[in-house]
Amino acid sequence: MAGERKPKSARRIVINLLITLLVGLIYFYFKLPALNLQNPGFYGMVFVLAFLYCILSVLSLGLLKEVSDGAGLWRSVRINCTVPVVICAVLIGIFAVGWLSGVPLLRAKGYAQLIDVTESNFAEDIDEISFDQIPMLDSDSAQVLADRKLGELSDLVSQFEVDDSTVQINYRGRPVRVTYLNYGDLFKWFNNVSHGLPAYICLDMVSQEVTVRRLEQGMRYSPSEYFFRDVERHLRFQYPTYLFDEVNFEIDEDGTPYWVAGVATRRIGLFSGNDIRGAVLMNAISGECTYYDVADVPRWVDRVYPADLIIQQYNYHGAYHLGFWNHIFGQRQVTVTTEGYNYIAQDDDVWLYTGITSVTGDESNIGFILVNQRTKQARYYAIAGAEEYSAMNSAKGAVQQYSYTATFPLLLNISGQPTYFVALKDASQLVKMYAMVNVQQYQLVATGPSVSECRKNYVNLLTSNDIDLAAAEQTGEPVTGTVGELRSAVLDGTTRVYIRLEGQTYWYVVSAADSETAVLLNAGDRVSICSAEDDGELRTAWEVTRTGRAPDLAAGADVPSGTDAEQSMA
């Protein structure tokens, strides 16, 4: 009898193992946990499978019949399920030690060093952006425009939907937002799965032009696919041990669509100090995957470090850089990021911007940071000023009669001044006006129906409030010519001189406080004018130098009565 029972028990153990393995494969297929000790989900999978095996053993080996109480059952389980019990005990020990090794109380310095922040000079680092490079679309407006564009295409709108997310990238030197299509439902997936997704959408953030980029070969890998063409499942089966962070949709310089998946690691203990060590680039058409370390990621990739991770790491830095207890009791130099963030394009990269405020949560910033989302290079600018939402309210207040809503500010360098650029939208999420708000003096607000008009009004506002134009604004070559026409006016208590040079159709505007020479000019004088690179009929200037007398005056010729020159001679 004993000889018969032993083979029967061995057979049941094998069956239990096969059932547990099958359940494990199903669990892995749907939950996609990384097979990595740094992943808490891995421990959860092992515990579930160990518990399942023990239950199967209890039922199949008749262990309930052999014991009379709970203690006896536990002894029987330990004897007959030794391997899974030992595995669980070891993993529990590893989990506990790994968690304790990442407690901030013990590792505050490590948390503070997750991101390296260097203090820098705003006017030197951030070039004054030209009008054709200022992004004017936020994610909500981009989503509305993308939906409307798809609605115009009858062959696509009946089968596909625009995804809810748009990603800001640089494409061929232009700030754009890109998004992809999803299958409308399961039946539409059946109709189109053989060809894949036929297009993606690209939105120019400056011109607001929306383009549907059709593909010769459809995108066969996307989040709306099923089975092994689902993006996350394809990545997991290609790299079963990798810890993946955020997966973004991007396009390379040739317009080829890719999925960019950040590969995470833990820098503190076993589970703490989340960081990025590299990225996997998946071709959305072919599914081909390539891993790159952070230092080797191609330049066209713009988003490797997620915005939420960057903000979390800076908040650790702001809290713990002077030790753990300081952030609780003394709170000396403890800082946090403000609630929102935005992006700026600089050096063909996308930089995350967010304000920095004190931990007490007042309504002003003590500075702000810019962080490169490809390299995590972080710069801090110690410029005190308005908190972003205060600037947004200030911009809305300037046009309160229209009931516009304000987008989260974009940080620009305007005449060397850190400036919040805000798009003002109507109820349909369409941009109607623009506002510029001085970061350091948020009561200084200028608006305009176009970016160039808004900037011109803003620079004039700075001048009238005795805010000097920075050297960054004054680096252009002076314009020389002959004065063809002069005008003057007093606005807001400041005398402004309007100068038109011969052969030009636009006027230079200079404040008498900036250049007293301007009020002494006459038609026909040769001048040198330092001005901003404005567009439009009126262009801001800050210095006018007379390089030669008007020919008629120099020769002592008669001066027509009633002219500015006659009054000057008098």
Side-chain angles (χ1 to χ4, degrees), residues 122 125-129 133-145 165-171 174-179 203-206 208 246 248 302-315 336-357 363-365 367-374 376-381 383 385-396 404-414 417-425 429 431 433-440 442 445 451 454-455:
F122 178 79
D125 287 353
I126 309 302
D127 297 330
E128 181 156 358
I129 194 168
Q133 292 293 313
I134 298 178
M136 306 173 194
L137 285 177
D138 65 352
S139 58
D140 292 336
S141 297
Q143 188 67 44
V144 170
L145 293 176
S165 63
T166 60
V167 177
Q168 181 177 334
I169 63 172
N170 288 332
Y171 176 61
R174 298 278 290 183
V176 302
R177 282 187 173 271
V178 290
T179 188
L203 304 97
D204 191 303
M205 298 181 67
V206 179
Q208 304 185 44
E246 189 174 287
N248 292 309
D302 291 307
R303 299 168 75 103
V304 175
Y305 289 87
D308 291 341
L309 174 63
I310 291 172
I311 289 174
Q312 180 189 62
Q313 289 189 352
Y314 181 84
N315 285 337
V336 294
T337 59
T338 51
E339 291 185 7
Y341 56 86
N342 210 329
Y343 309 98
I344 67 172
Q346 180 80 2
D347 304 325
D348 198 32
D349 280 318
V350 174
W351 295 68
L352 178 140
Y353 153 80
T354 187
I356 304 300
T357 187
E363 295 185 1
S364 63
N365 289 344
F368 52 86
I369 58 170
L370 295 178
V371 184
N372 188 312
Q373 288 198 272
R374 181 175 59 85
K376 207 176 73 171
Q377 179 186 0
R379 301 171 181 169
Y380 173 72
Y381 302 92
I383 299 176
E387 179 262 343
E388 294 88 346
Y389 286 95
S390 297
M392 292 166 65
N393 290 332
S394 186
K396 288 191 295 183
Y404 290 154
T405 58
T407 62
F408 192 85
L410 181 70
L411 188 69
L412 299 180
N413 176 358
I414 303 295
Q417 290 286 317
T419 301
Y420 290 131
F421 175 78
V422 179
L424 298 165
K425 305 185 297 183
Q429 296 295 314
V431 177
M433 293 186 71
Y434 306 95
M436 291 184 179
V437 184
N438 190 274
V439 170
Q440 295 170 294
Y442 74 99
V445 184
V451 178
C454 181
R455 183 190 181 283

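Numbers here are sequence positions counted from 1.
- Partners of Q168 by side-chain hydrogen bond (donor to acceptor under 3.5 Å, both in side chains), not counting sequence neighbours: none found.
- Contact annotation: the side chain of Q440 approaches that of I383 to within less than 4.5 Å [non-hydrogen atoms, C-beta and beyond].
- Across all non-hydrogen atoms, the minimal contact from A395 to V445 is CA-CG1, 4.2 Å.
- Proximity of a side-chain donor or acceptor of E387 to a complementary backbone N or O of Y389 within less than 3.5 Å is detected.
- Note: R174 CZ to D204 CG = 4.0 Å, rounded to the nearest 0.5 Å.
- The line from CD of Q429 to OG1 of T405 is 5.5 Å long, rounded to the nearest 0.5 Å.
- By the 4.5 Å heavy-atom criterion applied to side chains, I356 and T337 are counted as neighbours.
- Side-chain contact between Q312 and N315 is absent, with no heavy atoms from C-beta onward closer than 4.5 Å.
- Considering only residues two or more places apart in sequence or on other chains, Y171 meets the ring pair (Phe, Tyr, Trp, His ring centres under 6.0 Å) condition with none of them.
- Residues V206 and P175 have side chains in contact (heavy-atom distance under 4.5 Å, counting atoms from C-beta outward).
- D138 and S141 are linked by a side-chain donor-acceptor pair at a separation below 3.5 angstrom, with hydrogens and angles left out of the test.
- The salt bridge (Lys or Arg N to Asp or Glu O under 4.0 Å) check on R303 picks up nothing, with sequence neighbours excluded.
- Y380 is linked by a ring pair (Phe, Tyr, Trp, His ring centres under 6.0 Å) to nothing, counting only residues two or more places apart in sequence or in another chain.
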Quick one, D140 with K425, criterion side-chain contact (heavy atoms from CB on, under 4.5 Å). Give me CA distance, side-chain angles, the key distance, then yes/no.
CA-CA 10 Å; D140 292 336; K425 305 185 297 183; 3.9 Å; yes

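- Side chain of T407 to backbone of A423: a donor-acceptor contact under 3.5 angstrom is found.
- For Y314, the side-chain hydrogen bond (donor to acceptor under 3.5 Å, both in side chains) criterion is met by T335, not counting sequence neighbours.
- To the nearest 0.5 Å, the span separating CD1 on I344 from CG on L370 amounts to 4.5 Å.
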Should Y341 and I369 be marked as a side-chain contact (heavy atoms from CB on, under 4.5 Å) after you check the CA-CA gap, both sets of side-chain angles, and the distance that decides it?
CA-CA 10 Å; Y341 56 86; I369 58 170; over 6 Å; no

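- T354 contributes a side-chain N or O that, together with a main-chain N or O of G340, makes up a donor-acceptor pair within less than 3.5 Å.
- Residues satisfying the side-chain contact (heavy atoms from CB on, under 4.5 Å) criterion with Q346, sequence neighbours excluded, are I126, D127, W351.
- Shown here for V422 and A406, the closest heavy-atom pair between the two residues is CG1-CB, 3.5 Å.
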Does Y442 form a side-chain contact (heavy atoms from CB on, under 4.5 Å) with N393? I'd like the steps, not just the answer.
CA-CA 10 Å; Y442 74 99; N393 290 332; over 6 Å; no

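- In this structure E246 satisfies the side-chain hydrogen bond (donor to acceptor under 3.5 Å, both in side chains) test together with N248, sequence neighbours excluded.
- Nearest approach of P409 to N342, heavy atoms of both residues: O-ND2, 3.1 Å.
- With sequence neighbours left out, K396 forms a salt bridge (Lys or Arg N to Asp or Glu O under 4.0 Å) with no residue at all.
- For the ring pair (Phe, Tyr, Trp, His ring centres under 6.0 Å) test, residues two or more places apart in sequence or in another chain that qualify with F368 are F122, Y353, Y381.
- The two residues A378 and V371 come nearest to each other via the heavy atoms CB-CG2, 3.9 Å.
- Between N365 and A386, the shortest heavy-atom contact is ND2-O, 3.4 Å.
- Under the side-chain hydrogen bond (donor to acceptor under 3.5 Å, both in side chains) criterion, T166 pairs with R177, not counting sequence neighbours.
- Looking at residues two or more places apart in sequence or on another chain, you find a salt bridge (Lys or Arg N to Asp or Glu O under 4.0 Å) between D349 and R299, R374.
- Contact between L424 and A435 at its shortest, heavy atoms only, is CD1-CB, 4.2 Å.
- If you take NZ on K376 and CG on L309, they are separated by 7.0 Å, rounding to the nearest 0.5 Å.
- In this view, V350 and N170, D302, Y343, Q373 satisfy the side-chain contact (heavy atoms from CB on, under 4.5 Å) rule, not counting sequence neighbours.
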May I have the step-by-step check of side-chain contact (heavy atoms from CB on, under 4.5 Å) for Y420 and L411, ending in yes or no?
CA-CA 5 Å; Y420 290 131; L411 188 69; 4.3 Å; yes

